[in-house]
Amino acid sequence: MARYATTIVLAILFSLHGIGLWLFTRGFLLTRLSLSEISGCYPLSQCTMEPTHKRAIVLIIDALRFDFVSPTFPSPKSPHHHGVLTLPGELTEKFPDRSFIFNAYSDPPTTTLQRIKGITTGSLPTFVDLGSNFAGSEIDEDSIIRQLRNQDRKVAFMGDDTWMSVFPTSFDPNMTFPYDSFNVEDLHTVDEGVIRHLFPLVTQRDAYQWDFIVGHFLGVDHVGHRLGPSHEAMHAKLKQMDSVLRSLVDKIDDDTLLVVMGDHGMDLRGDHGGDGVHETSSALWIYSKSSALSIPTLESSPSIPSSLLSKTSFPGMPNPHRSVQQIDIVPTLSLLLGLPIPFNNLGAVIPELFIRTDEAPDLLATALHLNGEQVHRYLEAYRASASGAELDGAWEGLEQTFAEASTGAGHALFVRHALIVCRHLWAQFNSILMVLGLSVIVASLVVAWQFFRKLEQLQESEWESWTSMISRRALIAMSFAASLGFGLGTLGPIGISALELTVWLIAAAVSLAVIDFTRPSFDSLPSFPLILILHSISFFSNSFTFWEDRIVLYLALSAIAPNLLTGISAPTPRLRYRVIGFSLSCALCVRLMALSTVCREEQQPYCRVTFYASSSLAAPPLLILILVLPVTLTLPNTVRRFLRISKSDQELAPVFLEYFFRAVWVAGSICWMLEWAETSLIGGEQYASVLRQCRSAISWAAMVSVSFGGLSIWWIFPLCLKVQRQPPTETGGNTQVQIIGFANTFGSPYLIFILLFFSLLYVDTQLTGQVTLSLGLIAFLSWLEIVDSVRDIKSLNAAVAKATSPGNAIESLNTSPGSESTPQFSSELIFPSLLALHTFFATGHQSTFPSIQWKTAFLLTSSKTAFVSPILVILNTFGPHIFFAMASALIASWNVVPLPDPSQSRLVSKNALRVGVGVSAYFVSLLLGSALAAAFLRRHLMVWKVFAPRFMAAAAGVIAVDVGVAIGLLVGLSRVVTVVGRVFGQIGSRR
């Protein structure tokens with residue numbers, strides 16, 4: 001019955017969370033409208049130009065950052081990636097009219113799929129498109145690939161198989177060679193495949209009649225992800241790319257245009273995905289073997305206004321360099337090949353490629369005019385579409401700029417103005433959906449508070465039947481709201497769909513039904529925790545969001561501090577020492593965890609990376625390599641010492657801790673040490689495959705043994721009790737039975753349960769994270785002892801205040817077990833919530849995309865697997881949220897005796913549900929704060945860099961916490977309560 005009641009409460013809350021998130025994200029994170037029109041040659045109008053080349057080869061070197069090919073280097077110069085790929089610089093210096101290097105700005109999100117869309121269509125991605133990087137769909141927009149196919153030109157492809165997801169039927173089947181792209185540990189297979197198929201196509205033109213080749217190398221990107229740019233493997237990979245380009249330049253004919261580019265850059269650690277300057281600065285090199293594309297000295301040409309030759313300074317470089325938008329390659333390449341510019345393009349032609357002494361003087365003007373006309377047609381079509389209203393505010397300015405574009409330079413300015421406008425207004429925020437989503441999130445908080453307050457008031461025998469009445473009212477409200485929603489949806493358009501309206505009405509009706517039934521009271525509002533309020537409103541400040549990891553540390557220590565004051569005033573020395581000692585232990589662990597940091601771009605130069613060996617080397621620090629095994633080996637003993645306080649380290653507890661968990665945790669550490677040895681080439685490359693196989697086998701063994709073996713054994717024998725029988729002391733007396741571990745009957749088996757999940761997380765966490773996870777576990781166990789001791793202090797003080805003598809006080813305590821075990825929100829539940837976030841930061845994460853640890857996707861296998869790889873990444877990222885959400889139920893079950901049963905079992909189930917509701921409410925409050933900040937500041941310069949990522953992290957955090965609470969209460973604690981009731985039920989009935 002308790003499990004059914006718990007399910008009802010959680011189902012109502014979690015449904016409200018889901019509805020609120022769904023509505024808000026549909027209003028806030030909209031994708032842009034893709035127009036299906038195709039550019040063509042219209043009657044009485046010019047659509048393109050005479051081609052300069054018959055063929056083109058476009059080579060994408062994934063994550064090729066601008067400074068990797070630049071002839072000038074930033075300071076300090078890196079021997080690993082500067083001055084290695086030198087061919088573009090050499091040819092540009094020798095042939096300035098035929099070779100051009102640009103710093104190309106890659107629009108964020110800087111992920112491969114979105115950049116492929118950009119460099120083929122000339123369009124801009126939206127922020128939410130990032131999620132599709134792992135599940136691309138066919139491009140339905142006009143693109144340079146489609147224009148080639150429309151003219152019956154053959155397109156060959158080799159390399160990253162992401163291209164096949166967006167152009168599944170566009171490449172010639174006899175010249176298509178895709179390779180798996182997601183295995184970041186494989187540095188060579190894709191590159192070797194491209195090389196193997198590229199050169200036969202180039203050298204055997206009679207056998208392979210191609211017009212356009214796309215080759216996508218992945219080695220540079222994979223070296224960056226796996227080892228970082230400052231590694232000798234990066235030098236070797238760039239040297240290989242330099243050698244490939246030199247051979248290719250020798251073999252291509254005069255009619256072939258060569259384009260080499262990075263789809264994006266990489267940050268100092270080798271990752272990408274965000275909008276940092278290192279991630280958005282990609283290299284672009286265009287080379288014509290014989291035909292001059294430009295006059296030798298552009299500065300002396302009166303045909304190109306200086307405003308069209310923008311320059312950008314790369315960090316650390318002494319002088320600015322010629323820069324373009326990466327999407328500028330689309331109109332430029334289209335016109336050089338004699339193709340119409342794709343319809344949705346927002347890029348501008350690169351002007352220096354259309355200034356030639358042997359051509360008509362108006363060549364550049366023609367190119368700029370065609371580009372301007374194409375962009376104007378696109379904007380007119382977009383404004384006439386369903387999403388066109390977003391251009392209304394800027395349309396007058398756009399039309400005025402276009403009307404004044406009487407020259408080529410004027411058209412170029414119009415195209416740039418259009419790009420700026422579209423970047424600013426691309427996402428059409430739906431204010432109605434955003435408000436509805438926020439209202440549901442607020443309602444879910446009110447409902448959670450009502451549940452939390454009402455469950456405290458209800459007796460153990462009442463709360464289960466009370467939830468049944470709640471469920472009936474909720475079902476009636478849902479039925480009425482659904483009927484009303486579908487009825488109103490037929491009246492006509494109101495800014496949202498009938499489904500969205502109906503879902504919101506259901507959420508509103510259920511919320512009102514619960515709130516009305518629970519009779520809200522404002523008496524308890526003054527006790528609403530100040531820490532939660534401060535944390536939630538901090539998201540309105542970008543500076544506080546930047547430094548949230550430090551703020552969480554301060555708030556966590558602040559949550560511990562009041563217990564020191566309580567301990568100092570404890571009525572007995574034992575309680576005084578316990579509270580003070582465990583508070584200091586908890587604070588020390590929290591402070592040591594903060595020594596592990598990864599830095600956001602905005603935190604520089606005031607932050608130093610300690611999670612890795614350095615900001616540019618994704619290897620564990622030397623100190624961690626020394627400490628991780630001793631920490632792992634001693635962790636089971638430390639956990640057992642906490643159980644030994646209540647003598648609950650009995651039966652299976654020592655077996656799990658001393659043997660099973662120790663073996664699994666050590667296996668997890670060895671697995672990541674082997675990964676370090678493999679990536680550091682310890683013993684040479686000949687042992688790399690052996691190390692890979694070993695760590696895969698070890699990680700599989702650890703994961704499977706926990707998921708099946710450990711869980712099965714715990715499910716059958718969960719209790720950590722030992723029964724001792726003593727013979728009667730006198731003839732005819734009764735045998736004495738002593739149950740060792742009785743005082744922590746509920747808590748000790750549930751601790752073993754959550755340690756099973758902790759083991760999965762431990763194996764999936766890198767070495768530095770394993771040390772911080774260990775400290776986090778010790779901090780939480782210390783917190784449990786603090787909470788238990790503070791309850792004892794309050795119980796003793798209350799008993800002494802009521803009793804007429806000390807003996808009566810002791811008798812009162814003995815006859816009222818668990819009377820002070822009711823969880824208090826501000827004093828007991830705030831810290832576990834903050835500890836979850838603190839562990840998230842301490843295990844190498846931030847609320848940014850580049851901090852995602854993609855290498856965990858290959859923990860079990862050396863290649864991408866559709867189901868396992870995403871789960872491993874999610875577990876690594878949000879595992880701390882799930883674990884501490886599960887662990888929070890111990891606050892209600894730690895050191896609670898099982899008698900009298902069933903009242904104590906019901907008490908534990910009720911209080912554990914209160915804890916779960918409270919912890920979930922903390923994270924929903926953070927979600928509300930981040931959502932309000934993102935909505936209110938949606939036109940802020942940093943909305944997509946700061947506020948939107950924090951909202952998405954908060955949304956994922958709520959989902960993770962809800963999952964953790966559900967698993968903990970409905971699986972783990974439910975099993976413990978069932979077995980305890982079975983064992984002690986008869987004893988309780990006799991009493």
Side-chain angles (χ1 to χ4, degrees), residues 38-41 46-61 98 116-117 119-122 138-139 141-160 163-164 166-178 193-217 244-245 247-261 284-291 293 328-343 345 347 349-350 353-354 367 370 374:
I38 307 297
S39 292
C41 291
Q46 184 179 2
C47 65
T48 187
M49 302 170 63
E50 286 294 322
T52 61
H53 295 77
K54 296 179 180 179
R55 293 174 294 277
I57 299 176
V58 176
L59 297 183
I60 294 95
I61 301 179
R98 293 187 276 134
I116 291 176
K117 291 180 179 179
I119 63 181
T120 56
T121 66
E138 183 175 2
I139 292 178
E141 300 177 76
D142 194 8
S143 67
I144 194 170
I145 303 296
R146 176 170 289 189
Q147 290 294 335
L148 287 163
R149 296 292 293 175
N150 287 349
Q151 294 191 9
D152 295 325
R153 302 196 195 184
K154 292 186 177 181
V155 184
F157 167 74
M158 59 219 64
D160 185 346
W163 286 80
M164 301 306 300
V166 293
F167 296 110
T169 60
S170 298
F171 304 121
D172 189 289
N174 296 320
M175 294 184 288
T176 301
F177 311 99
V194 174
I195 296 170
R196 183 165 56 250
H197 296 291
L198 173 63
F199 286 100
L201 292 180
V202 174
T203 58
Q204 302 175 31
R205 280 279 302 138
D206 294 336
Y208 302 98
Q209 297 296 321
W210 56 269
D211 299 287
F212 196 86
I213 293 178
V214 176
H216 195 139
F217 295 93
V244 169
L245 294 181
S247 298
L248 186 61
V249 166
D250 290 337
K251 292 178 172 57
I252 60 174
D253 58 27
D254 295 343
D255 289 328
T256 300
L257 180 68
L258 177 62
V259 178
V260 179
M261 61 191 304
L284 174 60
W285 177 45
I286 300 176
Y287 175 69
S288 173
K289 190 166 186 177
S290 63
S291 302
L293 297 177
D328 290 349
I329 191 63
V330 175
T332 302
L333 190 56
S334 296
L335 295 182
L336 290 176
L337 295 178
L339 299 170
I341 301 174
F343 188 84
N345 166 72
V349 293
I350 301 174
L353 303 185
F354 296 89
L370 289 172
Q374 170 267 315

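In what follows, every heavy atom counts, from backbone to side chain, and hydrogens, waters and symmetry copies are set aside. Model, not experiment: these values are computed from the prediction.
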Value for CZ (F343) from CZ (R146), rounded to nearest 0.5 Å, stands at 12.5 Å
For the pair V155 and D211, evaluate side chain to side chain contact (heavy atoms under 4.5 Å, CB included) and give the outcome as yes or no after the intermediate values.
CA-CA 6 Å; V155 184; D211 299 287; over 6 Å; no
Nearest atoms (heavy-atom pairs only) where S143 meets P342
C-CG, 3.6 Å
Closest contact, heavy atoms only, T120 versus I145
CG2-CG1, 4.3 Å
Side-chain heavy atoms of L198 within contact of L59, under 4.5 Å:
yes
How long is the span from the CD1 atom in I329 to the CD1 atom in I144, to the nearest 0.5 Å?
7.5 Å
Partner set under side chain to side chain contact (heavy atoms under 4.5 Å, CB included) for K251, not counting sequence neighbours
F199, V202, T203, S247
Rounded to the nearest 0.5 Å, what separation is found between the OG atom of S39 and the CG atom of L370?
11.0 Å
Working for side chain to side chain contact (heavy atoms under 4.5 Å, CB included), residues L258 and V260:
CA-CA 7 Å; L258 177 62; V260 179; 4.0 Å; yes
Under the criterion side chain to side chain contact (heavy atoms under 4.5 Å, CB included), I'd like the reasoning laid out for L257 against L336: C-alpha separation, chi angles, the key distance, then a yes or no.
CA-CA 9 Å; L257 180 68; L336 290 176; 3.9 Å; yes
State, with a plain yes or no, whether a side-chain heavy atom of I195 is found less than 4.5 Å away from one of F217.
yes
Heavy atoms only: give me the nearest D255-H53 pair and the separation to one decimal.
O-CB, 3.4 Å
Heavy-atom nearest pair, S290 first then R98, reads O-CD, 3.5 Å
Measure the shortest side-chain to side-chain distance between V330 and T121 over non-hydrogen atoms and say whether it is less than 4.5 angstrom.
no
What's the verdict on side chain to side chain contact (heavy atoms under 4.5 Å, CB included) for I38 and Q147, showing C-alpha distance, side-chain angles and the deciding distance?
CA-CA 8 Å; I38 307 297; Q147 290 294 335; 3.7 Å; yes
Run the ring-ring contact (aromatic ring centres under 6.0 Å, His included) test against F354 and tell me which residues pass, sequence neighbours left out.
none
Atom pair CD1/CD1 of I119 and I60 - distance to nearest 0.5 Å:
4.5 Å
Do the side chains of L293 and T52 get nearer than 4.5 Å, heavy atoms only?
yes
For residues L284 and I350, determine if any side-chain heavy atom of one lies less than 4.5 Å from a side-chain heavy atom of the other.
yes
If you take the centroid of each ring, where Trp contributes its six-membered ring, are W210 and F212 closer together than 6.0 Å?
no
When you compare the side chain of L201 with that of M158, does any pair of heavy atoms fall below 4.5 Å?
yes
Within the 4.5 Å heavy-atom criterion, are I57 and Y287 side-chain neighbours or not?
no
Could I get the full list of side chain to side chain donor-acceptor pair (under 3.5 Å) partners for D253, not counting sequence neighbours?
R55, T256
Taking only distance into account, with no hydrogens and no angle test, what donor-acceptor pairs under 3.5 Å do side-chain atoms of residues 166-178 form with protein atoms, sequence neighbours excluded?
residue	atom	partner	partner atom	Å
D172	OD1	N174	N	2.9
T176	OG1	D172	O	2.6

For R153, enumerate each residue passing the side chain to side chain donor-acceptor pair (under 3.5 Å) test, keeping only those at least two apart in sequence or located in another chain.
Q151
Check side chain to side chain donor-acceptor pair (under 3.5 Å) between T332 and all other residues, then give those that pass, not counting sequence neighbours.
none
Partners passing side chain to side chain donor-acceptor pair (under 3.5 Å) against N345 (at least two apart in sequence or in another chain):
Q374
S334 side, atom OG; L148 side, atom CG - distance, nearest 0.5 Å:
8.0 Å
Is there a side-chain contact between D250 and L248, using heavy atoms and a 4.5 Å cut-off?
no
With sequence neighbours left out, write down each residue that passes side chain to side chain contact (heavy atoms under 4.5 Å, CB included) with Q204, or none if nothing qualifies.
P200, A207, Y208
Residues two or more places apart in sequence or in another chain: which of them pass salt bridge (Lys or Arg N to Asp or Glu O under 4.0 Å) with D142?
none
Tested for side chain to side chain contact (heavy atoms under 4.5 Å, CB included) against F157, the lone hit among I213, V194, V214 is V214
